[in-house]
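On a predicted model such as this, the values are computed, not experimentally measured, just so you know. For the numbers below, each heavy atom of this structure counts, side chains included, while hydrogens, waters and symmetry mates do not. Order of the sequence lines fixes the chain letters, A, B, ..., with proteins taken first and strands second; residue numbering starts at 1 for each chain.
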2 protein chains.
Amino acid sequence: MSKVARDYVASLRKPDDAETKYFGITELAAACGTTARAIRFYEDKELLTPRRINGGRAYTRRDVVRLSLIQRGKAMGMSLAEVKHILDLYGERGQGKVAQLEYILGRIDESIGELEARRDHIATTLAELKIIRNEMLADMKRKRRKKPAA
Amino acid sequence: MSKVARDYVASLRKPDDAETKYFGITELAAACGTTARAIRFYEDKELLTPRRINGGRAYTRRDVVRLSLIQRGKAMGMSLAEVKHILDLYGERGQGKVAQLEYILGRIDESIGELEARRDHIATTLAELKIIRNEMLADMKRKRRKKPAA
DNA sequence: CCGAATGTTGACCTATACGTCAACCTGACG
DNA sequence: CGTCAGGTTGACGTATAGGTCAACATTCGG
C-alpha cells in the first residue's frame with residue numbers, strides 16, 4: 001500500500017487526543033499544493049469534515065492524507081463524487097457487521113471494476129501512441145537519409 | 001493496436017469516393033450509443049468535421065471510429081480538449097516535414113507521459129483497494145466463526 | 001486600542017459537457 | 001398539397017469544480 005493510504009488507514013485507528021496538532025486551512029492548502037477555496041469546496045461536498053475551533057476549521061495529519069487521496073483521485077480522472085466513494089471505502093472498513101461488510105465489499109468490487117476498465121483503456125491508448133511514435137521515428141530517419149541537409 | 005484505432009488510421013489513407021456510404025447524425029448517435037446533441041457539441045469543439053449534404057451533416061465510417069476514440073478518451077477521464085489532442089496525433093502523422101514530425105513527436109511524448117502517470121495512480125489505488133478487500137474478507141470469515149448464527 | 005493576519009460565509013463568475021426546447025427548413029409519401 | 005420524419009441553429013438550463021470578491025469576526029503584536 002502507498003505511504004499516503006497506509007498513513008490514512010493507520011490514523012483512522014487512533015482518535016485525536018490532546019497531543020494532536022491542529023492547523024489552519026492555509027497551512028493545509030500549502031501542504032497539499034491547493035487553495036483554501038478548494039478545501040472549503042471539498043468540505044461542502046463532504047469529502048472533508050474538520051473539527052471547528054473558535055469558528056475556524058482545524059485540520060490534522062488525517063486530513064492531509066485524506067486531501068492527498070482526493071488529489072490522487074482527481075489525477076486519475078475521477079469526479080469528486082467518485083473520490084468520495086473511494087474515501088468512504090477506506091474509512092468504513094473494520095467496524096461493521098457482516099451484512100455491512102458485505103455491502104461495502106460489493107462497492108469495493110464495483111470500484112475495482114471501474115478502475116480496471118479505465119486502466120485497460122489507458123493501456124490500449126498508450127500502446128497505440130507508442131506504435132505511432134515509433135513509426136514516426138522511422139519516418140524521420142528515412143527522410144533524413146533522403147535529404148540530409150534540407 | 002486496437003481495432004477501432006487501426007480502422008481509423010487505415011481510413012485516413014483512403015479518401016472518400018463515390019462508393020462511400022454516408023449516414024445521418026441520428027444513425028451515428030445510435031451506432032455509438034450517444035446523442036445527436038453530444039455529436040453536434042463535439043463538432044463545435046472541432047473533434048468532428050463532417051461533410052455537409054443539403055445542409056445536413058453527413059458522416060462516414062471514419063467518423064464512427066473517431067467518435068469511438070472520443071468515447072474511449074472520456075472513459076479514461078480525459079477532457080474533450082485532451083481527446084482532441086490525441087485525435088490530432090492520430091491524424092497528423094505521416095505527411096509532415098521533419099521539423100513538424102519532431103513537434104508532433106514531442107506532443108505524443110507529453111501525452112504518453114500524462115497517460116503513464118494516470119495509469120500509475122490507478123494501479124496504486126487498485127492495489128490498495130484489493131488489499132482492503134482481502135482484509136475485509138478475512139474479517140468476515142473471523143466474524144462468522146465467532147457467531148455463525150448471528 | 002489599532003491594525004495586520006487569518007479566518008468565516010455568501011454571492012456571483014467561469015469553463016466544461018452536455019440536455020431541453022423552440023422555431024425553422026426540407027425531401028419523401030400518399 | 002399537406003404533413004411527417006429527420007435535420008438545422010439558437011437560446012437557455014444544469015451539474016461539476018472551483019475562482020474571485022465583499023463584508024464581517026477573531027486574535028496577536030506593539
Could you state the [atom1]-[atom2] distance from [X] to [N], rounded to the nearest angstrom?
X	N	atom1	atom2	value
B:Leu48	C:dA17	CG	C1'	14 Å
B:Asp44	D:dA11	CG	P	12 Å
B:Asn54	D:dT9	CG	P	14 Å
A:Ile70	D:dA17	CD1	P	11 Å
A:Lys84	D:dT16	NZ	C1'	16 Å
A:Ile25	D:dG19	CD1	P	11 Å
A:Phe41	D:dA15	CZ	P	13 Å
B:Arg40	D:dT8	CZ	C1'	7 Å

Q | Sugar-phosphate, base or nothing in reach of B:Lys45, heavy atoms under 4.0 Å | A |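 It contacts nothing in the nucleic acid.
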Q: Would you indicate what B:Phe23 reaches in the nucleic acid, counting non-hydrogen atoms under 4.0 angstrom: base, sugar-phosphate, or nothing?
A: nothing
Q.
So, does B:Thr35 get its side chain near the phosphate of C:dG19, meaning an N or O under 4.0 Å from OP1 or OP2?
A. yes
Q.
For a quick test of reading the model: is some side-chain N or O of B:Tyr42 closer than 4.0 Å to OP1 or OP2 of C:dC18?
A. yes
**Q.** B:Arg118 (side chain) donor-acceptor with B:Gly77 (main chain) under 3.5 angstrom
**A.** yes
Q. D:dT20 base to A:Arg37 side chain: any donor-acceptor pair below 3.5 Å?
A.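 A donor-acceptor contact between them is present.
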Q. Does a side-chain heavy-atom distance below 4.5 Å link A:Phe23 with A:Val64?
A. yes
Q: Taking the side chain as every heavy atom from C-beta outward, state whether A:Arg6 and A:Val65 have any atom pair closer than 4.5 Å.
A: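 SC-SC contact between A:Arg6 and A:Val65 ruled out.
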With the side chain of [X] defined as its heavy atoms from C-beta on, choose the nearest nucleotide among [options].
X	options	result
A:Ala38	D:dG18, C:dT8, C:dG19	D:dG18
A:Leu80	C:dT8, D:dT8, D:dA17	D:dA17
B:Ser79	C:dA17, C:dG27, D:dT16	C:dA17
B:Arg57	C:dT9, C:dA17, D:dT8	D:dT8

**Q.** 5' precedence on DNA chain C between B:Ile39 and A:Glu43 (nearest-nucleotide basis)
**A.**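 Between the two, 5'-proximity favours A:Glu43.
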Q) Salt bridge or not for B:Arg133 and A:Asp109, using N-O below 4.0 Å? A) yes
**Q.** Residues A:Arg57 and A:Glu27 bridged, charged N to O under 4.0 Å
**A.** no
